[in-house]
Amino acid sequence: MRVGVLTGGGDCPGLNAVIRAVVRKGIEVHGWELVGFRNGWQGPLTGDSRPLGLDDVEDILTRGGTILRSSRTNPYKVDGGVEKIKSVLAEQQVDALIAIGGEDTLGVAKRLTDDGIGVVGVPKTIDNDLGATDYTFGFDTAVSIATEAIDRLHTTAESHHRALVIEVMGRHAGWIALHSGVAGGASVILMPEREFSVDQVVEWVERRFEREYAPIIVVAEGALPEGGQEKLLTGEKDSFGHVRLGGIGNWLADEIAGRTGKESRAVVLGHVQRGGTPTAYDRVLATRFGLHAVDAVADGDFGVMVALKGTDIVRVKLSEATAELKTVPLERYEEAEVFFG
Ligand code: F6P
């Protein structure tokens, strides 16, 4: 049997750990041949692939990024895209695909399964916003990086009596903001699920200054002021219709400075959160996802995604996984509010 592997969407620490697990178990337990398609769905569309042997996955467990590279290609936006993929798979004698990705990559995986291609999905995103799994790998690493940044910013904010606003990733979901904000002892956490009042933020900031303690405000890139609009870096959309967000941190820092008269600066963590080596937790989760994806392919169980439920890896329908984004429940946010101000 020949099995293709690809990584799509934004990169994420742990992708290489999944690839390694798939290749190791695929070859050593099943005797498969593994093929790596390059650049997400662009690989199966254009036939850009490479064989993956045991040597290719040596030393990649701890490496960030993806040895297969990635893209945000949507084959359903390409004329005859599905037919092209079918003919590449037939030409290269690939019987099944393991697609590692987030909502977009797995949305395509679901449609391809409906169109007759055997695909098993593996959930990845630092945003942790995929439905049907308790956690995605990459999230723990992103939270650790953001928390370390908050810890470092606390000491400099305090020394200079400054308010520091830290913008973290999270287009539609505030998981990174909430977890890093709680872990880092933030004075304010703002996320896309709940519009915020600038007056309230200013009140919390002033209260923190009164206690001779510098305020740290963690804001997700997709957070919205009441009645306001998402801050966009550019109006351009990718092939899944996503705009580039960014700018809420600087905007909020200016608002705070203007209203409090205190120096206020923004730090945008950006892609630092996605780079570098995965945490031990993410290495283990990614490895287990890879091993279980191989089992699903071996069982001929296509149209499923491997998922974490408690401490077990289970299979869920791709349709269930991509039906709805997993946003932060408001009660989780309200738990943290006692620390604001
Ligand atoms: O999907 C994960 C994510 O990290 C989002 O939070 C963010 O908006 C997006 O990727 C940005 O990715 P890129 O800059 O690669 O388009």
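Just so you know, ligand 1 is whichever comes first in the structure, and atom 1 is the first atom listed for that ligand. Just so you know, these numbers use all the heavy atoms, side chains as well, and skip hydrogens, waters and symmetry mates.
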Q: Over 60° means perpendicular and under 30° means parallel, so classify the ring planes of Y213 and H154, tilted if in between.
A: parallel

Q: List the atom of A142, the atom of I126, and the distance in Å for their closest heavy-atom pair.
A: CB-CB, 3.8 Å

Q: Does S239 use its side chain to pair, donor to acceptor, with the backbone of R72 at less than 3.5 Å?
A: yes

Q: Tell me the protein heavy atom at minimum distance from atom 14 (O) of ligand 1, and give that distance in Å.
A: H271 NE2, 2.7 Å

Q: Please list the nearest protein heavy atom to atom 9 (C) of ligand 1 with its residue and the distance rounded to 0.1 Å.
A: R171 NH2, 3.6 Å

Q: Please write down residue, atom name and distance for the protein heavy atom closest to atom 7 (C) of ligand 1.
A: E221 OE2, 3.1 Å

Q: So does A253 get a backbone contact from the side chain of S264, meaning a donor-acceptor N/O pair under 3.5 Å?
A: yes

Q: Can you report which non-hydrogen protein atom sits closest to atom 15 (O) of ligand 1, along with the distance?
A: R274 NH2, 2.9 Å

Q: Which residue supplies the protein heavy atom nearest to atom 4 (O) of ligand 1, what is that atom called, and how far is it?
A: M169 SD, 2.9 Å

Q: Check whether S70 reaches the backbone of T7 with its side chain - one donor and one acceptor, N or O, closer than 3.5 Å.
A: yes

Q: More than 12 heavy atoms of other residues, nucleotides or ligands under 6.0 Å from OH of Y76: is that the case?
A: yes

Q: Fit a plane to each ring of W175 and H179, take the angle between them on a 0 to 90° scale, and name the class: parallel (under 30°), tilted (30 to 60°) or perpendicular (over 60°).
A: perpendicular

Q: Does G170 reach ligand 1, in the sense of a heavy atom lying below 4.0 Å from it?
A: yes

Q: So is H242 close enough to ligand 1, meaning a heavy atom under 4.0 angstrom away?
A: no

Q: With a heavy-atom distance limit of 4.0 Å, tell me whether R244 approaches ligand 1 through its side chain, its backbone, both, or neither.
A: neither

Q: May I ask you to identify the nearest protein heavy atom to atom 5 (C) of ligand 1, giving residue, atom name and distance to one decimal place in Å?
A: D127 OD2, 3.2 Å

Q: Are T277 and R283 linked by a side-chain donor-acceptor pair shorter than 3.5 Å?
A: yes

Q: So if I count the atoms of ligand 1 from 1 in the order they appear, which ones are less than 4.0 Å from some heavy atom of I126?
A: 4 (O)

Q: Considering both backbone and side-chain atoms of R72, is one of its nitrogen or oxygen atoms within less than 3.5 Å of a nitrogen or oxygen in ligand 1?
A: yes

